[in-house]
Asks: 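Before I ask anything, here is the structure I am working with.
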Amino acid sequence: MTEPSTQQPRRSPLPPTDTDSGGRSTAPLDSTAQLLTRVTAQLATQLSLVSRNGTRRPMHRTRPSDTPRLPAAPRPSPAEAAPPTLLVVAHGSRDPQALRTVLALLDRVRDLRPGLDVRLGHIELNQPLLPDTLAGLRGADAVLVPLLLGRGHHVKHDLPAAAAAAPSVRTRIAAPLGPHPLLVEALYGRLTEAGWDPADEGGRRAAVVLAAAGSRDPDSAQDTRRTARMLAERLGGVPVVPAYASAATPTVPAALRALAARGRHRTFVASYFTAPGRFASAAASAAPRTAAVPLGAHPAVARLLLHRYDQALSATAPSEMVSLLASA
């Protein structure tokens with residue numbers, strides 16, 4: 001017989017296992033440290049799904065660190081959000097009433113559109129001059145709206161040259177004011193103030209001389225003639241003859257004499273000027289009765305300035321701007 005072995009049985013390297021009710025082995029039991037680690041991880045996962053206000057965040061298939069983030073859209077600065085400056089370009093005059101009239105017109109424009117930056121620049125004779133106003137707008141956007149009634153040298157040459165000489169200002173040039181139905185309404189209003197009687201409309205003795213500054217540019221004369229036709233229609237067919245204070249014919253006295261020779265003795269002079277000045281005074285002195293005052297700060301003129309401003313803003317292409325100046 002052999003003696004029983006005194007060697008102890010080897011311990012299994014595996015941890016103890018549980019058995020189910022049938023005696024079958026299940027997964028190994030975790031140690032206490034492992035259980036605590038697992039519980040902590042599960043709690044962290046659950047807490048990550050809850051926001052600070054106690055609501056549950058929606059679950060995503062990707063981890064937060066895996067989700068791409070889009071860059072935030074840049075916020076426009078106040079300067080970028082503001083509309084371009086409306087820079088009214090007046091001719092200028094030695095008559096002190098001219099500047100006061102233009103400033104009153106700009107105040108009316110500001111009343112119509114609060115918050116819009118409205119500034120003034122003169123081609124000559126008055127301060128501020130256009131280059132100085134442009135210098136004060138360095139780095140800004142501006143729309144140059146000529147306070148001029150038709151196409152001529154100032155609109156075609158002086159304004160583009162001034163804009164080109166101020167490259168630090170992003171500029172657009174609007175069309176001149178005339179011809180336009182709003183100007184006709186302003187002319188009609190000024191005639192009524194001067195004593196025009198609607199009963200004269202269609203009469204055989206009534207007539208109107210449309211007194212303008214005059215220009216050697218044929219486009220300027222064409223614009224004045226078109227305004228005269230539009231005013232004649234507004235007056236119910238009363239003859240309206242364009243006449244000029246300089247550079248073109250007929251003169252205002254010559255037009256008045258021609259109308260008188262045709263039996264038109266009840267004649268009025270409509271002042272087709274934006275403000276008082278030498279030419280407006282000369283035209284008024286030739287009138288057989290009280291002449292209408294210049295257009296000045298008439299509400300229709302203020303509305304027209306804003307219309308030309310908006311029109312220039314809507315014309316984004318350079319070719320559209322050229323079209324505006326050519327067919328205004």
Side-chain angles (χ1 to χ4, degrees), residues 86-112 118-133 144-150 152-155 158-159 176-178 180 182-196 208-215 220 224 227 231 242-248 251-253 255-256 267-306 308:
L86 193 168
L87 174 48
V88 176
V89 183
H91 183 277
S93 172
R94 292 185 176 88
D95 189 329
Q97 272 295 113
L99 180 57
R100 288 194 287 268
T101 300
V102 173
L103 292 175
L105 174 61
L106 266 61
D107 285 340
R108 192 177 288 273
V109 172
R110 295 185 183 100
D111 290 340
L112 289 175
V118 181
R119 304 196 187 190
L120 175 63
H122 291 93
I123 296 173
E124 59 181 0
L125 300 176
N126 284 115
Q127 299 291 333
L129 293 173
L130 178 57
D132 296 333
T133 305
L144 278 60
V145 182
L147 191 60
L148 303 168
L149 300 174
H153 183 82
H154 295 313
V155 171
D158 291 344
L159 268 65
L177 297 186
H180 195 275
L182 284 171
L183 281 182
V184 174
E185 286 305 308
L187 287 167
Y188 185 86
R190 295 305 190 204
L191 282 171
T192 302
E193 293 169 0
W196 174 267
V208 172
V209 171
L210 182 65
S215 172
S220 178
T224 304
T227 299
L231 181 58
Y244 307 95
S246 68
T251 64
V252 174
L256 289 168
T267 54
F268 287 77
V269 173
S271 296
Y272 197 40
F273 305 99
T274 55
R278 178 167 60 91
F279 288 161
S281 298
S285 64
R289 53 178 48 84
T290 303
V293 299
L295 299 167
H298 193 281
V301 179
R303 289 162 52 202
L304 181 54
L305 280 169
L306 287 171
R308 292 303 194 199

Asks: Check T101 against G296 and note the closest heavy-atom contact, atom names and distance.
Replies: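 Taking every non-hydrogen atom into account, CG2-CA, 3.5 Å.
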Asks: So L295 and L187, side-chain contact (heavy atoms from CB on, under 4.5 Å) or not? Walk me through it.
Replies: CA-CA 7 Å; L295 299 167; L187 287 167; 3.7 Å; yes
Asks: Can you check side-chain contact (heavy atoms from CB on, under 4.5 Å) on L177 and L183, steps first, answer last?
Replies: CA-CA 8 Å; L177 297 186; L183 281 182; 4.1 Å; yes
Asks: Could you tell me whether the side chain of H122 and the main chain of L129 form a donor-acceptor pair under 3.5 Å?
Replies: no
Asks: For D107, give me all partners under salt bridge (Lys or Arg N to Asp or Glu O under 4.0 Å), at least two apart in sequence or on another chain.
Replies: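 Listed in chain order: R110.
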Asks: If you look at every heavy atom in A211 and A283, which pair is closest and at what distance?
Replies: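 That closest heavy-atom pairing would be CB-CB, 3.7 Å.
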Asks: Looking at every heavy atom in both A243 and V209, which two are closest together, and how far apart are they?
Replies: CB-CG1, 3.7 Å
Asks: Checking S93 side chain against L125 main chain: does a donor-acceptor pair fall under 3.5 Å?
Replies: no
Asks: Which atoms form the tightest heavy-atom contact between D95 and P276, and what is the distance?
Replies: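 In this case the closest contact between D95 and P276 is OD2-CB, 3.9 Å.
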Asks: How far apart are the closest heavy atoms of G214 and A247, and which atoms are they?
Replies: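 Between these two residues, the closest heavy atoms are C-CB, 4.2 Å.
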Asks: Please examine the side chains of V89 and D158, heavy atoms only from C-beta on, and report whether any two atoms are closer than 4.5 Å.
Replies: no
Asks: Would you say the side-chain atoms of T133 pair up with the backbone N or O of L120, donor to acceptor, closer than 3.5 Å?
Replies: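 Flag set: sc T133 to bb L120 pair under 3.5 Å.
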Asks: With rounding to the nearest 0.5 angstrom, report the CG to OG1 distance, L256 to T251.
Replies: 8.5 Å
Asks: side-chain contact (heavy atoms from CB on, under 4.5 Å) between L147 and L105: does it pass, once the steps are laid out?
Replies: CA-CA 10 Å; L147 191 60; L105 174 61; 3.7 Å; yes
Asks: If we count only N and O atoms by modelled type, under 3.5 Å, do the side chains of T227 and Y272 hold a donor and an acceptor together?
Replies: yes
Asks: Which atom pair, heavy atoms only, marks the closest approach of A280 to A275?
Replies: CB-O, 4.2 Å
Asks: Can you list everything that forms a ring-ring contact (aromatic ring centres under 6.0 Å, His included) with H91? Sequence neighbours excluded, please.
Replies: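 Residues passing ring-ring contact (aromatic ring centres under 6.0 Å, His included) with H91: H154.
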Asks: Do any N or O atoms from the side chain of R190 and from the backbone of V293 form a donor-acceptor pair under 3.5 angstrom?
Replies: no
Asks: How far apart are the C-alpha atoms of L149 and T224, what are their side-chain angles, what is the distance that settles it, and do they pass the side-chain contact (heavy atoms from CB on, under 4.5 Å) test?
Replies: CA-CA 8 Å; L149 300 174; T224 304; over 6 Å; no
Asks: Can you measure from CZ (R303) to CG (L305) and round to the nearest 0.5 angstrom?
Replies: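 If I round to the nearest 0.5 Å, the distance is 12.0 Å.
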Asks: Taking salt bridge (Lys or Arg N to Asp or Glu O under 4.0 Å) as the test, write out the residues that go with R278, two or more places apart.
Replies: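 Result, salt bridge (Lys or Arg N to Asp or Glu O under 4.0 Å) vs R278: none returned.
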Asks: Give, for atom CZ of R94 and atom CG of L99, the distance between the pair rounded to the nearest 0.5 Å.
Replies: 14.5 Å
Asks: With sequence neighbours excluded, what pairs up with R108 under the side-chain hydrogen bond (donor to acceptor under 3.5 Å, both in side chains) test?
Replies: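 Listed in chain order: nothing, the list is empty.
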Asks: Using the ring-ring contact (aromatic ring centres under 6.0 Å, His included) criterion, which residues pair with F268? Sequence neighbours excluded.
Replies: W196
Asks: My understanding is that only residues two or more places apart in sequence, or in another chain, count here; which of them pass salt bridge (Lys or Arg N to Asp or Glu O under 4.0 Å) with R100?
Replies: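 If we apply the salt bridge (Lys or Arg N to Asp or Glu O under 4.0 Å) test to R100, skipping adjacent residues, there are no hits.
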